[in-house]
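Reminder, nothing fancy here: chain letters follow the sequence lines and each chain counts from 1.
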Amino acid sequence: MPRSRIQDQLSHVRPVWEPFLPDWRQVILAARVRLTRNLSGTPFPLKAGADELRHIASTFSRRLRNCSALRGGPHGAMDRLKPGERELLVERRLVEPGFAHGGSSREFAASRTHHLVVTVNDEDHLRVQATLPGLALQRAWGMASGMVTHLGEGGPGFAFDPRLGFLTSDPGDLGTGLRASVMVHLPALAWRGEMVQVRQALAKLGATVQGAFGAGGEAWGDLYEIANASTLGESEDGLIGRLEGLVLEVVRHERDARLSLVRRESVLFYDHVGRSYGILCFSRLLTVEEALGGISALVTGLRVGLLPKVNLDTLNRLLLEVQPGHLRSSVVGDQEPATWDAVRAQRVREALSAASRR
Amino acid sequence: MLCEKCHIRSATVHLSNEAQGGRQAVLNLCVHCATAALGEELVGSDVARLIAGLLARTGPAVAPPTAAPPAPAGQCPACGLTGTELEHLGKVGCAVCYQAFADHIGALLPTLHRGCEHHGGQPGTAAAPPDGAPTERDALLLELEQAVAEEAFERAAQIRDSLRRLE
């Protein structure tokens, strides 16, 4: 099956999050800021008619095409994309699953490196998302805010109330319309069974914790997103500063837990890494959850000097390659295999075997 | 996903419990219902240190009100959203809904946010650092960072040349 334009545009760009590094202290992988706005005088997408949605999509589409920062990046109408292409966008965290599989007149545009993504007619007329590696929340906010200002110029303005702030479809996004989140890798806290308590503690302090990959409350690969729960009642600076403080505390706690694993629970920890290595090297069936969990264990083990023959670059590539959409798009031929878990297991075995021969 | 207790707010806290047969049951709750359900039961000295550290950085948590907001009634005169739809979907249909359902949303806000009044940027003013619209230069700088990180120095040199031409 020939590769599509979107597949080509996505496959040659590395993910927006920072790759796993050999440094054992690395916890933060990416910072994201998403700004939500609706045009003044037009119903929000929930109640807008088909003509209104089309008009909004074509208005923003013109502005997006003329935006130099987005030139050369993937873009298009969601309902013209194939299901496989939408899956790739979701797995690279460029769009939300709900947006990818939603209704008509939905447009998206991303910059060449995918750090900036604009979606039109999601639950709100306009959402702008900026993602940068590391804890660069302020810079991400600057990028997203600049794009929002640019897209709003010369138009009817954004729906705004002096008391409630920017008006959004979800009252949970009201006010600043700013959702900041940080992607973190927490293998030690997860393995020690402390994530439930971490979630509870952060919930009491106005932050949410969700799995970056996984359904429902799961966090495959021990990858999480910590985000602000509140968007109203404080300034953008205050909101971002407070989230940064919470994340840095969690980072400190994760690093302490990693040291504790190596110093006080080394036998159990090394056994966990060894078993994960065995599963990845020899399984004939592998689910996404198992694959990502195994990658997380191997990364953690590599950082303390275990598994000298495993290559971090290989693990970073596998993080995306084992996901369903990426796996499907990499298979040559039109025939659907009997089970994708077998294809995934083979891909992982081959990758680890090739890496160990180098 | 809506909270499984109040069916109003989004579920952002996922609590795991050992169910019968040793399987894990997950309860999906909003921040307000989760806090009410859990009370002060947090165990483990490591977690106590984490909480102390979090509080030191952010100050005390804002306690949400205990009374549930009144059920939304009526209909928005602009978009036609009904109180039942608002209660079920948790979303509004237009800007006017915030006036039409002011009582319900007004009571909901303290459970969702740290305050009930906007303290952020205004439309038409620069709330963020005044970087202006992201430009081709910004995009090229990000590509340059990526190329250097990947040690693709030939591509990095091409991008550097493109930046010089822009300047």
Side-chain angles (χ1 to χ4, degrees), chain A residues 14 40 43-44 46-47 68-69 71 111-113 115-116 123 138 141-143 145-147 149-150 157-161 163-165 167 169-172 174-176 194 196-206 208 210 216-217 229-236 242 245-246 249 252-253, chain B residues 9-10 12-16 26 28 31 34-35 38 42-44 46-47 50-51 53-55 57-58 61-62 78-81 89-95 98 105 108-109 112-121 123-124 126-129 131-136 138-139 142-143 146 150:
Chain A
R14 73 174 208 188
S40 179
F44 301 164
L46 177 67
K47 281 295 184 181
S68 55
R71 198 166 292 144
S111 60
R112 264 193 302 263
T113 52
H115 292 96
L116 256 180
E123 292 182 345
Q138 283 284 347
W141 175 40
M143 282 175 63
S145 182
M147 177 59 78
T149 304
H150 171 68
F158 295 124
F160 182 83
D161 178 273
R163 193 175 61 86
L164 298 178
L167 301 178
S169 164
D170 186 345
L174 202 55
T176 59
E194 291 184 17
V196 172
Q197 293 94 327
V198 169
R199 276 180 157 142
Q200 291 164 5
L202 286 173
K204 282 177 176 281
L205 293 165
T208 64
Q210 290 186 329
S230 163
T231 56
L232 179 69
E234 57 188 332
S235 67
E236 288 87 349
R242 199 164 53 78
L246 292 176
E249 197 60 32
R252 191 177 69 78
H253 203 64
Chain B
R9 294 170 285 273
S10 298
T12 54
V13 181
H14 309 281
L15 305 180
S16 303
V26 179
N28 303 300
V31 171
T35 308
L38 292 165
L42 291 170
V43 297
D46 286 347
V47 174
L50 168 66
I51 295 169
L54 291 170
L55 286 172
R57 285 185 184 266
T58 67
V62 175
C79 70
L81 185 82
L89 298 169
K91 307 271 190 293
V92 304
C94 71
Y98 280 99
I105 294 175
L108 197 59
L109 291 183
L112 297 173
H113 300 291
R114 289 180 74 84
C116 298
E117 300 216 348
H118 180 59
H119 291 290
D131 290 345
T135 60
E136 187 163 358
D138 297 319
L142 283 167
E143 282 186 62
Q146 201 170 67
E150 291 170 10

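Most heavy-atom pairs under 4.5 Å with chain B: of the set Ser40(A), Pro43(A), Ser169(A), this distinction falls to Ser169(A). When the candidates Pro171(A), Ala159(A), Gly157(A) are compared by the number of heavy-atom contacts under 4.5 Å with chain B, Pro171(A) comes out ahead. The residue among Leu109(B), Val92(B), Leu81(B) with the most heavy atom pairs within less than 4.5 Å of chain A is Val92(B).
Taking CZ of Arg163(A) as the reference point, atom CD of Glu117(B) lies at 6.0 Å (rounded to 0.5 Å). Distance CD/Glu143(B) to NE2/His115(A): 9.5 Å, rounded to 0.5 Å.
Only the side chain of Arg112(A) comes within contact range of chain B, with heavy atoms under 4.5 Å apart. Contacts between Arg14(A) and chain B at a heavy-atom distance below 4.5 Å involve backbone atoms as well as side-chain atoms. Residue Ser111(A): no heavy atom, backbone or side chain, is found under 4.5 Å from chain B.
When all heavy atoms of Glu123(A) and Lys91(B) are compared, the closest pair comes out as OE1-CE, 3.1 Å. Taking both residues in full, the closest heavy atoms of Phe160(A) and Pro123(B) are given as CG-CG, 3.5 Å, listed atom of the first, atom of the second, then distance.
Checked by atom type and distance alone, the side chain of His113(B) never pairs as donor or acceptor with a backbone atom of Ser230(A) at under 3.5 Å.
Among Leu164(A), Leu232(A), Asp161(A), Leu174(A), the one residue that satisfies the side-chain contact (heavy atoms from CB on, under 4.5 Å) test with His118(B) is Leu232(A).
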